[in-house]
Amino acid sequence: MTTAKVWKQTQAFDGVPKLNDFILEEETLPGLQENEILVEALYLSLDPYFRLLASPDQSLPGEQVARVLQSKSPEYPVGSLVCAHLGWRSHTVVNVTTPRVFGTTVDLINEVPGLSPSLWLGTVGMPGVTAYLSFFEHCDPKPGEVLVVTAASGAVGSIVGQLAKHKGLTVIGLAGSNEKCDYIRDLGFDHAINYKTEDISKALDLVAPSGVDIYFDNVGGEIADIAYGKLRDYGRVLICGLISDYNKSPKELEKVTNWNKVILFKQLTIKGFMIFHSKNLAEFPRVRQEIVTLIQKGQLQTKEHVTDGFDKMPAAFIELFTGSNFGKAVVKA
Ligand SMILES: NC(=O)C1=CN([C@@H]2O[C@H](COP(=O)(O)OP(=O)(O)OC[C@H]3O[C@@H](n4cnc5c(N)ncnc54)[C@H](OP(=O)(O)O)[C@@H]3O)[C@@H](O)[C@H]2O)C=CC1
Ligand SMILES: CCCCCC(=O)/C=C/[C@@H]1[C@@H](C/C=C\CCCC(=O)O)[C@@H](O)C[C@H]1O
């Protein structure tokens, strides 16, 4: 008999999630049926989108890297590592033939010497593939252009900025502390703006006096509103995330500018991107390999914010909304 520790939500979130919105429970797991495996979580991912998807009626969402402890599926031998949407659980019995949330599967990890398997939750996983696909396939980037990216030191933003530098763009990152700004400059970003202490509009005018070609939006709200105002003719906006909105009720959302006339006259393109759509899922193996190669060549730096202990899941999740994470947020179980 295996006992699993499982985090559950006690009540609907109201504003920024609080520690008492979560409770840790225990579950006794059943024995294995055909095609089932028992896995133990090694690393669990914390992602901003949980804030919008989580509900007290459902288990808490999210991917984890886990080790197979028992197996009734020959393709998933004991000891192998998997990456899958299993939620906030220490142990799970999962049927490997049943598609999981968003049509995802239980993926075997082909370990790469020198790379921590936790990266399959970050740069080598969903956030890295998001950055790669959304930048290359939806931003139409051209050498010499100017790109602005927000949440720039984070899982998605730091990769977008580095890829844009490799492509020959001028890259401006916005981040929430001087330490984060120093980090993205070290990554090769041309300019870093601390959006908490600087006048964003003036700072952008200073570093991009001729305007911006691509705004890669991870935050939405007031910051996005300022960035839209800096776009030049044929500018592009890729809406990847809106983290500044996730904890707000509809009434609390900032009033933003009506940009329609500017979109028309400047012939701007505004696109949304969601990684877990079948077209993007099919691209994971190819893009994962491209990303691993870039890391191995030293052309892509990764940064993780690892919190030790499954019992710290809620606290580590809340940190995403205070900016206390510095790099891809993962919990080591
Ligand atoms: N469309 C898609 O398919 C996907 C979208 N996303 C989105 O990308 C964005 C970044 O996610 P991810 O890289 O995983 O997370 P990060 O690693 O960037 O962590 C979140 C960061 O967001 C910043 N932040 C938090 N609150 C605010 C706020 N109110 N205003 C401005 N910045 C804020 C903080 O950095 P700082 O200290 O700089 O403020 C924080 O560290 C999110 O919006 C997420 O939803 C992610 C994956 C896939
Ligand atoms: C829930 C909206 C999140 C906005 C941006 C974001 O972080 C996306 C993250 C995706 C996430 C989206 C999850 C659910 C969308 C459901 C839409 C629907 O059809 O109802 C998931 O795809 C993994 C992250 O990449």
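In each ligand, atom 1 is the first atom listed, and ligand 1 is the first ligand listed.
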Residues Asp205 and Lys230 bridged, charged N to O under 4.0 Å: yes
Pair Glu25 + Lys8, salt bridge at N-O below 4.0 Å: yes
Any donor-acceptor N/O pair, Asp47 side chain to Tyr49 backbone, under 3.5 Å: no
Donor-acceptor under 3.5 Å (Asp213 side chain, Val146 main chain): yes
Going by the closest heavy atom to [atom], which one wins out of [options]?
atom	options	result
atom 40 (C) of ligand 1	Asn325, Asn280, Asn247	Asn325
atom 13 (O) of ligand 1	Val156, Val16, Val160, Leu46	Val156
atom 15 (O) of ligand 1	Cys240, Gly154, Pro48	Pro48
atom 16 (P) of ligand 1	Ala155, Gly241, Ala175, Ala329	Ala155
atom 33 (C) of ligand 1	Ile243, Val129, Leu242	Ile243

Side chain to side chain, Ile172 and Leu147, heavy atoms closer than 4.5 Å: no
Beyond-backbone contact of Cys240 with Ile275, side-chain heavy atoms, under 4.5 angstrom: no
I'd like to know whether ligand 1 has [X] as a neighbour, heavy-atom separation below 4.0 Å.
X	result
Glu319	no
Phe276	no
Lys180	yes
Tyr195	yes
Ser177	no

If the cut-off is 4.0 Å to any non-hydrogen atom of [X], which atoms of ligand 1 fall inside it?
X	value
Ala151	18 (O), 22 (O)
Gly323	34 (C), 37 (O), 40 (C), 41 (O)
Val219	31 (C), 32 (N)
Ser244	28 (C), 29 (N), 30 (N)
Tyr246	43 (O), 44 (C), 45 (O)
Ile275	2 (C), 3 (O)
Met126	47 (C), 48 (C)

Cation-pi check, Lys303 onto Tyr183 ring (under 6.0 Å, within 45° of axis): yes
Test applied, side chain to side chain contact (heavy atoms under 4.5 Å, CB included); reference residue, Arg89; option that passes from Leu29, Leu60, Val39: Leu29
Close N or O approach ([X], ligand 1; < 3.5 Å):
X	value
Gly157	no
Asp47	no
Leu174	no
Asn218	yes

Aromatic contact, Phe216 with His138 (centres under 6.0 Å): no
Same cluster (ILVMFWY, side-chain, under 4.5 Å), Val16 and Met313: yes
Parallel, tilted or perpendicular, as decided by the 30° and 60° cut-offs, for the rings of Phe22 and Phe317: perpendicular
Donor + acceptor pair across side chains of Tyr195, Thr150 (<3.5 Å): no
